[in-house]
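Accompanying notes for the structure given below.
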Amino acid sequence: MNVAIYSQLLGSLHQPLLETLFGALSRHKASIWLHPLFAPVFNLWQQNGGYSFSNINTSGAMPSNLDFIIIIGGDGSFLKAISEFEYLHVPFVGINTGRLGFLADISPDNIDTAIDALAAGRFVVEQRPLLELQPKIDEIKHPFALNEITVHKCDSSSMIVIHAYIDDKYLASYWADGLIIATPTGSTAYSMSAGGPILSPSSQNIIITPIASHNLTVRPLVIPDYSTIKIKIESRELNYMLSLDSTSVALHNPTEIEIRKSAHNISVIKLDGHGFFSTLRNKLMWGADRRN
Ligand code: NAP
């Protein structure tokens, strides 16, 4: 088994997690490549703890024969990792040290079982579409989003006006705080907070969800994922924010951007009991009712 491990900084609380994870991977004789962000953290931890795990590459280039990319962190780390491993069709799996863990859904208590399942091939791989931004913007290194692309007002209390077109046909002008263009994966993230619908990950759709639109007749809209969405932004303050998942940049008026489904998917590993509907019930309390 060849794995890569990505994590942002870990604290002392996470030391037992690392011991369990590297112990389980060693038992399966895994070859492990550490992302450059994580390698120094690992080296320090191994040195301070007196561990000597073998088969670990902390300096070389990323191998081409990876079976899995393991992310340690919350959903925020999961989103960041995807931008670090662009174009790589290796399945991602997340161990949740974060708060919610909707994407990174393996609990630290289940690491041993999870690594056994990975080694034995007891999992399914879900394909998750990405959104792609055009044209290329200098400040954005990775123009893809797993959750959503959002335009948002910046630095002021004034609304922005977002003129939206679908496949070059005029849809509406939103006078709002912002507009979220979300994937089915992103339907349980920001779009949900703004009143958008929840889509199952295999739905072939894109969601357009306004943020605080000052209009009684505007609602979130679901469109086919082969659509191209064109957006023109007007702001009295002459600037606005553009976000792709957790990366945000400030841009200036007037700007026109296009958003469409990318040709690249991300592969996400789902272990037994981690299907979308059980995650909805367990993490978002879907259907919670004191009578059940
Ligand atoms: P954050 O604001 O620190 O955390 C966002 C929250 O959303 C975290 O609890 C995160 O889970 C959860 N989350 C992320 N992706 C999810 C998904 N696909 N389904 C369900 N929950 C999800 O920001 P961040 O950690 O950098 O994550 C960036 C994301 O935050 C953006 O893509 C956007 O969707 C979301 N966001 C939400 C709002 C809002 O709801 N008002 C505002 C701005 C951004 P963990 O706790 O496991 O990290």
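What you see is a predicted model; the values in this text were computed from it and never measured. Each ligand, and each atom within it, is numbered from 1 in the order the structure gives.
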* In the protein, which heavy atom is nearest to atom 31 (C) of ligand 1, and how far is it? -> E148 OE2, 3.3 Å

* Asked: Under 4.0 Å between a Lys/Arg side-chain N and an Asp/Glu carboxylate O for D116 and R27?
  -> no

* Asked: What atoms of ligand 1 come closer than 4.0 angstrom to any heavy atom of F102?
  -> 19 (N), 20 (C), 21 (N)

* To do: Side-chain contact test, heavy atoms from C-beta onward, threshold under 4.5 Å: evaluate it for H14 versus W45 and give yes or no.
  => no

* Closest approach of I198 and M192, non-hydrogen atoms and distance? -> CD1-SD, 3.8 Å

* With a 3.5 Å cut-off and no angle check, do the side chains of S243 and Y190 form a donor-acceptor pair? -> no

* Asked: Applying a 4.0 Å heavy-atom criterion (strictly less than), which segment of N147 is in contact with ligand 1: side chain, backbone, both, or neither?
  -> side chain

* Structure fact -> So the atoms of ligand 1 within less than 4.0 Å of a heavy atom of S193 turn out to be 39 (C), 40 (O), 41 (N)

* **Under 4.0 Å to a heavy atom of T188 - the qualifying atoms of ligand 1, by number** => 17 (C), 18 (N), 19 (N), 20 (C), 21 (N)

* Nearest protein heavy atom to atom 2 (O) of ligand 1: under 4.0 Å? -> no

* To do: Kindly indicate whether atom 38 (C) of ligand 1 is approached by any protein heavy atom to under 4.0 angstrom.
  => yes

* **Closest protein heavy atom to atom 44 (C) of ligand 1, given as residue, atom name and distance to 0.1 Å** => Y190 CD2, 3.9 Å

* To do: Check whether any side-chain heavy atom of N147 lies under 4.5 Å from a side-chain heavy atom of D75, and answer yes or no.
  => no

* To do: Could you tell me if the ring centre of H35 sits under 6.0 Å from that of F85?
  => yes

* L79 contact mode with ligand 1 (heavy-atom cut-off under 4.0 Å) -> side chain

* What are the atoms of ligand 1, with element, lying closer than 4.0 Å to any heavy atom of S246? -> 26 (O), 28 (C)

* For G101, atoms of ligand 1 separated by under 4.0 Å from a heavy atom -> 45 (P), 47 (O)

* To do: Around atom 8 (C) of ligand 1, find the nearest protein heavy atom and jot down its residue, atom name and distance.
  => R99 NH2, 3.7 Å

* Just need the protein heavy atom nearest to atom 11 (O) of ligand 1, so name the residue and atom and give the distance. => D75 OD2, 3.2 Å

* Would you say the side chains of Q127 and S267 form a donor-acceptor pair under 3.5 Å? -> yes

* **Side-chain donor-acceptor pair present, S77, Q8, cut-off under 3.5 Å** => yes

